[in-house]
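Below: one structure, written as structure tokens.
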Amino acid sequence: MTLALDFISDQQTPTADRVTLFVDVILPLPLPRLYTYRVPFELNDRVVIGGRVIVQFGAKKTLSCIVAAVHEQAPKEYQAKYILEFIDDAPVVTQPQLKLFRWMAEYYLCTLGEVINAALPSALKLSSESRIQLHPAFERDTNEYPMTSQEDKILDALGALEDAKSLTFTEVGDLLGVASFHKVIKSLMHKEAIFLFEHTADKYSPKVLKKVRLHGRHLTESNLERLFEDLTSKPKQLDVLMKYLQRVPVYQDEHANHRGLEKAYLTSSPHLSPSAVNTLIKNGILEQFDQIVSRFPMDENPIAHIQFELSESQTAARDEIMTYFGEKDIVLLHGVTGSGKTEIYIDLIRQALDGGGQVLYLLPEIALTTQIVTRLLRVFGSRLGIYHSKFSDNERVEVWNGVLSGRFQVVIGVRSAVFLPFDNLGLLIVDEEHESSYKQYEPAPRYNAREVALMMGNFQGAKVLLGSATPAVETYYQAKQGRYGLVTLSKRFGEAGMPDIELIDTRKQREQKTMHNHFSADLLGEIERKLGAKEQVILFQNRRGYAPVVACQDCGWIPKCNNCAVSLSYHKHSHELRCHYCGYHESMVTKCPACGSRAVKTVGFGTEKIEDDLKIMLPQASVQRMDLDTTRAKNAYQQIISDFEKQVTNVLVGTQMVTKGLDFANVSLVGIINADSIIHYPDFRAHERAYQMFVQVSGRAGRKGKKGKVLIQTSDPTQVIFDKVIRNDYLEFYNYEIMQRQEHGYPPFMRIIKMTVKHMEQGLCEQAAIALTGELVDRLGRAAVLGPEAPYIFRIRNFYIQEITIKLDRAHTVLKHAKLMITEAMDAVKDQKEFRQARLVPDVDPM
DNA sequence: AGCACGCCGACT
DNA sequence: GTCGGCGTGCTC
């Protein structure tokens, strides 16, 4: 840094060693660049890369943002504003994270702000709501400073406030009209009339547990005896005291009383009077105190080193993985469903922890609600953090901080757990790596957590283990090419064999009139048999609601969504027609609005109808449905799963949700109600998805020594895919599929970037898509660009949609250049004012 | 993403 | 005559 620049940019008297610092910050906005702010000299030593600061952005907005870089280069074209506040003394975002976030923004064609927005729990974001409050020592009449009219206005407003006693910056802005009110605030702060409370900062609030303990003076034996005598006439209070002493061994353990007892334990005990508890507190016999507790109350002492006995094949697989890790950073564990991958993971996690590294274990959403968490908690106790999408923000912050502080060495979490502030990863595990739920579609960043995990491993020098019974074709290809190690587990754990899979020809059964609604006689009979044997059944139907379509039998009228190009689905439970794309709903129609006919019938079927039919046909069965509609509430999954586990329910009907990671020992039959709808999908991944779905759902059948059965209903049993599913032959499936991919130029041979153009007006949508295609062709060549084309559902939430597919060579240099070209092409379209309102959305590696 | 600045319709 | 519609341009 040259001093000369300092003289120019610094108004204050420079000293010889005076350094003016600037920071580049990431604003939580979709802006392409970083912004540079100036550090107030006195606060130079508070600058932390990865820490949060508050800055003024534009005229009104006060934002908190992340410091991405610190330097001494004064911007030449503009005067940098000062940082207003420092929030953190230590980074909330680590350096490895910043590196990863930069990579994500570049790779997935979005802004750093979008990545930061997705990454930070909102309690860490503290948007624009800094607040000001009257300074307690401030006396308006006696203060020495003259006030401007604006300042008076603010003081008036603050004085008029009763309970809240504070104003947000936005409120101050409104109060004064416009302009930079920050000057006024600064002046008032200088005059010590107000202060700014930065605990604005943390919306995070710790969980406080109300506890009670015996007051210290009663702790001696003689005093306690006296206390008992005093209370003889107060039986209710005596009861409480007895209960307390029963639970807290005050003599055996000198710290026991100090730790106290949860107040709720006494007040909610059925035999005790809550008011007696309060009386004891009021009279100073019991003492109430607050204890800040973790939202993750877990065993303080994990059961030290539970020894899992790995089976012979598990041990072999584990050793093989370790050997591969000697030379390769990534290993694919291809293990059939029920082969006991989890035990291997646990073993490897232990080793990684012993080596001093952190571990991230990614799972799809649904698998996380199951037994795995309890199992890991038993092994890793309070070192294990859990990151779930249904967690509250406070819970997220707690995990975030736990990772920062080192409290959590292992985190088990869903997709978004890749954002956590690790800085010393030793191992990453991506279980069910083929899962499409690792890919985020909306909003940006449209990332795939599997790919991000691979990159994290690369950046932090950690090993990555991918696990699946049905690996993604791309992943298996990498393994085959020798880029990943490949370890195969082809036997189920314990005695369980692979289930028998049978096909049921529904067309034939329909002709023979042996179908009952959507159940073949075979399936229905098998369900009855299993229930009779006190075994459980899972039925899979890939569609929620009662019926996907309703239609007038007389004129053919079909109710459609107003906002989307889809027909409305009938939901019987709520007696509504609902759009599955925008949430629009209306009451079910009983009379056709087009012709007045009353013959409005449902067409097709979803989970709700299957549940309904089954309840009618098999009244003895206890049926539960698990789909998006029944699992919206926070603990709904848990409830459904635990009911099924305890065999309160014996048939589980569901969508994709039932295919994933659930592990019930007593399930001996899995039925796929309609396989056809899964196979026929206009997408190059349709076969892969269908194969995975069939195998995964089949995997739910038969565990712990029982052989399971899978019945697949289809109108065309001759399709090639069934053969591979029945024979459980992944390799054959893979060989066939990889050939197709090569022939048609799909991943893993080519990389795909899908561009989506959205516009409220159909014509403009099409024109914008054509324009974008043109720009792309100009830059990437005709061969690389396919489309534009309207997707099957060409309008969602009132936006028309056009899609363009870009196919690229896999080489990194090609990709980097192509992304630059794509950005340019998008800018070129956006520069045309008729397309101002078009939304251009790039999706890298779509699924 | 907001939010201010800037040019054309229905109201006191 | 004005109030206000939302089109577009900028934010260190």
Side-chain angles (χ1 to χ4, degrees), chain A residues 5-6 8-11 20-41 43-44 47 49 51-86 101 105 108-120 122 124-130 168-183 186 442-446 758-761 764 767-768 797-799 826-842:
Chain A
L5 256 177
D6 247 353
I8 299 160
S9 60
D10 198 336
Q11 254 104 52
T20 304
L21 293 180
F22 295 88
V23 296
D24 296 336
V25 299
I26 308 170
L27 292 160
L29 299 173
L31 298 167
R33 274 166 297 116
L34 298 183
Y35 285 74
T36 305
Y37 284 84
R38 182 170 170 175
V39 180
F41 175 73
L43 298 171
N44 270 4
V47 180
I49 291 185
R52 290 169 302 170
V53 293
I54 298 179
V55 298
Q56 174 134 58
F57 186 62
K60 271 189 145 178
K61 261 178 298 183
T62 328
L63 297 168
S64 81
C65 48
I66 300 287
V67 175
V70 182
H71 56 83
E72 297 174 24
Q73 264 81 60
K76 292 190 180 70
E77 307 86 58
Y78 54 86
Q79 186 76 44
K81 285 185 183 171
Y82 279 99
I83 289 174
L84 302 182
E85 294 286 339
F86 285 81
F101 293 173
Y108 291 108
L109 292 168
C110 68
T111 67
L112 258 178
E114 287 169 319
V115 179
I116 280 285
N117 243 343
L120 293 188
S122 52
L124 288 179
K125 278 187 236 164
L126 83 144
S127 47
S128 65
E129 296 313 307
S130 308
T168 66
F169 274 27
T170 330
E171 286 165 345
V172 173
D174 292 345
L175 206 65
L176 299 182
V178 268
S180 60
F181 56 87
H182 197 262
K183 267 201 192 112
K186 218 170 170 182
E442 246 348 289
R446 297 173 174 77
K758 299 183 191 177
H759 202 290
M760 297 271 259
E761 281 175 64
L764 281 169
Q767 285 172 44
R797 292 169 192 271
N798 285 319
F799 277 88
M826 287 197 291
D827 290 343
V829 174
K830 278 305 223 179
D831 282 348
Q832 290 165 253
K833 64 174 185 302
E834 64 267 42
F835 299 137
R836 242 29 247 256
Q837 302 210 49
R839 305 226 313 115
L840 311 179
V841 182

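Letters A, B, ... are given to chains in the order of the sequence lines, protein chains preceding strands, and every chain is numbered from 1.
- Per the geometry, CD belonging to A/Q837 stands 11 Å off P belonging to C/dC6, to the nearest Å.
- Side-chain contact check for A/V25 versus A/L63: every heavy-atom pair is 4.5 Å or farther apart.
- Looking at A/R797 and A/E442, no side-chain N of the basic residue comes within less than 4.0 Å of a carboxylate O on the acidic one, giving no salt bridge.
- Between A/T36 and A/H71, some side-chain heavy-atom pair lies under the 4.5 Å cut-off.
- Taking atom CG of A/L112 as the reference point, atom P of B/dA1 lies 16 Å away to the nearest angstrom.
- A/L120 contributes atom CG, which lies 5.0 Å from atom CD1 of A/I66 (distance to the nearest 0.5 angstrom).
- Aromatic ring orientation, A/F57 versus A/Y35: perpendicular (interplanar angle above 60°, classes split at 30° and 60°).
- A/H759 NE2 to A/L764 CG: the interatomic distance, rounded to the nearest 0.5 Å, is 4.5 Å.
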Please enumerate all protein N or O atoms sitting under 3.5 Å from an N or O of nucleotides 8-12 of chain C, with distances to 0.1 Å.
| from | atom 1 | to | atom 2 | distance (Å) |
| --- | --- | --- | --- | --- |
| C/dT11 | O3' | A/G58 | N | 3.1 |
| C/dC12 | OP1 | A/Y37 | OH | 3.2 |
| C/dC12 | OP1 | A/G58 | N | 3.4 |
| C/dC12 | OP2 | A/K81 | NZ | 2.4 |
| C/dC12 | O3' | A/T36 | O | 2.8 |
| C/dC12 | O3' | A/K81 | N | 2.7 |
| C/dC12 | O2 | A/T36 | N | 2.9 |
| C/dC12 | O2 | A/Y78 | OH | 2.2 |
| C/dC12 | N3 | A/Y78 | OH | 3.2 |
| C/dC12 | N4 | A/R33 | NH1 | 2.9 |

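- Taking CG from A/L840 and CG from A/D827, the interatomic distance works out to 9.5 Å, rounded to the nearest 0.5 Å.
- Following rounding to the nearest Å, A/I26 (CD1) and B/dA1 (C1') show an atom-to-atom distance of 16 Å.
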What does the list of N/O pairs under 3.5 Å between the protein and nucleotides 6-9 of chain B look like, with a distance for each?
none

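- Atom CG of A/L29 sits about 12.0 Å away from atom CD1 of A/I26, to the nearest 0.5 Å.
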